[in-house]
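These values consider heavy atoms only, across backbone and side chains, with no hydrogens, waters or symmetry-generated copies. Whatever order the structure lists ligands and atoms in, that order sets their numbers, starting from 1.
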Amino acid sequence: MSHCAIVGINWGDEGKGRMVDLLTEEYDIVVRFQGGGNAGHTVINDKGKFALHLLPSGIFREGVVNILGNGVALDPENLWKEMEQVMAQGVDITPENLRISDRASLLMPWHRLLDELEEKRLRDKKYGSTKQGIAPFYSDKYQKKTIMAGELFYPERMKQHLKDILEWKNLIIENVYGAKGYTIEEIMKWADDFCEKIKPFICDTGDYLRQAEKEGKKILFEAQLGSLRDLDYGIYPYTTSSNTMAAYAPAGSGLPSARPDKVIGVVKAYSTCVGEGPFVCEMFGDEAEELRKAGAEYGAKTGRPRRVGPLDTVATRYGVQVQAATEVALTKLDVLSYMDRIPVCTGYEIDGEVTDRFPFPMAMEDASPVIEYMEGWKCDISGVRRWEDLPPQARAYVEYVEKAVECPITYVSVGPERDSMIYRNKETDND
Ligand code: GDP
């Protein structure tokens, strides 16, 4: 069975959404398997420009079934608002092309509130949460204190379950944070306003996927964020609260038996990072501002300026390894076209020693980057569609990255539009 996972190799915002939008042409089903609406994918195609947060990026392709798996943080309120927005832009979303797992847990209003209260309490020690409730949500899920989407089909039992959880939750909101708790009436109203809207889309997606696999359907797993934000393998605690790994895709999707034979790791031609935490290759001052502007590096969800730096081969090679990427899509190469010379971070210096191995998170606090430079190409490459038409310096850069991260680069993107893509054909490499 030829399933594929599209995952982020770095801190996220690498351009996974545009890769999924492009490649869904070859797949029948797209599944989001982790994370919530806390990040944003920007997709530009023949239907327009879209900012997706929780909807799978296969939603624009006719005939493709999109699934929100059991591993996602299902925020009914924001999902419904996002659906309304995308539908208003002329995209059909029906229970035929969007299915929500009955085993996905609901992100409740108190998750967002607690996220905000905790960030406030932390003050300057904050982790840089997007305040979408993701960390409180996953903590509750692992404490078995969430409501599953399928409970909406059992209203009486769900109400009792909600009452029980709310009693506990209010203890924390009121006694730990001194804030105002919720009444069951407020929560039931919220459920009426938003959960009822998404109810028609909820079904046993695990059963659907098992059946689809039997029929030979091809599945694409879509990740949110990147390796360095993975809860277990990322720069903890500056991670997200879920697993962004391809290895988690089957479990978070509802098809734990699946084995994707293709893992496309998306790598940006330079580095960006939103929020707090060690970012060894970070650039500052005018140099950073110029790159940020060239790459329009401002968060899709928050508008926050992203921290920027050169491509980090230490972090990227690690990301490729932990994702077990079988190939890499290198995005935003066009953004580097203004540079006379292209910086690359090739090692970390820690306590006077240089290493090219990805260190323990705390050791990264004291690391400084080792920077080398490649020749720039100084011309517009956004119209290039064939590998052999790229300037030799641009090809040299791609080949250098490929060698450094130890994985073939099969796609190179040179613009945000669906067709701004160079399909790298190995046979044409040696011209
Ligand atoms: P995702 O969360 O990984 O899907 O990435 P984002 O959507 O947050 O960030 C990628 C941004 O870069 C989006 O605004 C895309 O439209 C844009 N983008 C993607 N690929 C390219 C490219 O090759 N060149 C340029 N200039 N922009 C790109």
Quiz item: Under a heavy-atom criterion of less than 4.0 Å, does Gly415 contact ligand 1?
Solution: yes
Quiz prompt | side-chain hydrogen bond (donor to acceptor under 3.5 Å, both in side chains) partner of Ser413, the single match among Lys268, Arg18, Arg418 | solution = Arg18
Quiz item: Do any nitrogen or oxygen atoms of Leu333 come within less than 3.5 Å of a nitrogen or oxygen of ligand 1?
Solution: no
Practice problem: Could you pull out, from Ser413, Ala329, Gly15, the option with a heavy atom nearest to atom 5 (O) of ligand 1? | Solution: Gly15
Quiz prompt | Element-labelled atoms of ligand 1 that are located less than 4.0 Å from some non-hydrogen atom of Arg306 | solution = 8 (O)
Practice problem: Inspect the contact between Glu116 and Arg112 and indicate whether a charged nitrogen and a carboxylate oxygen are less than 4.0 angstrom apart. | Solution: no
Self-check item: CG/Asp286: more than 12 non-hydrogen atoms of other groups inside 6.0 Å
Solution: no
Quiz prompt | salt bridge (charged side-chain N to carboxylate O under 4.0 Å, His left out) between Glu282 and Arg307, worked out | solution = CA-CA 7 Å; Glu282 185 162 12; Arg307 297 159 75 190; 2.8 Å; yes
Practice problem: Using distance alone, determine whether Val335 and ligand 1 share an N or O pair under 3.5 Å. | Solution: no
Quiz prompt | Close-contact set for ligand 1 against His41 heavy atoms, below 4.0 Å | solution = 1 (P), 2 (O), 4 (O), 7 (O)
Quiz item: ligand 1 versus Asp334, non-hydrogen atoms closer than 4.0 Å: side chain, backbone, both, neither?
Solution: side chain
Quiz item: Between Arg292 and Glu289, does at least one N-O distance fall below 4.0 Å, as a salt bridge requires?
Solution: yes
Quiz prompt | N/O separation below 3.5 Å, Glu14 to ligand 1 | solution = yes
Quiz item: Within 45° of the six-membered ring axis of Tyr318 and under 6.0 Å from that ring's centre, is NZ or CZ of Arg357 located there?
Solution: no
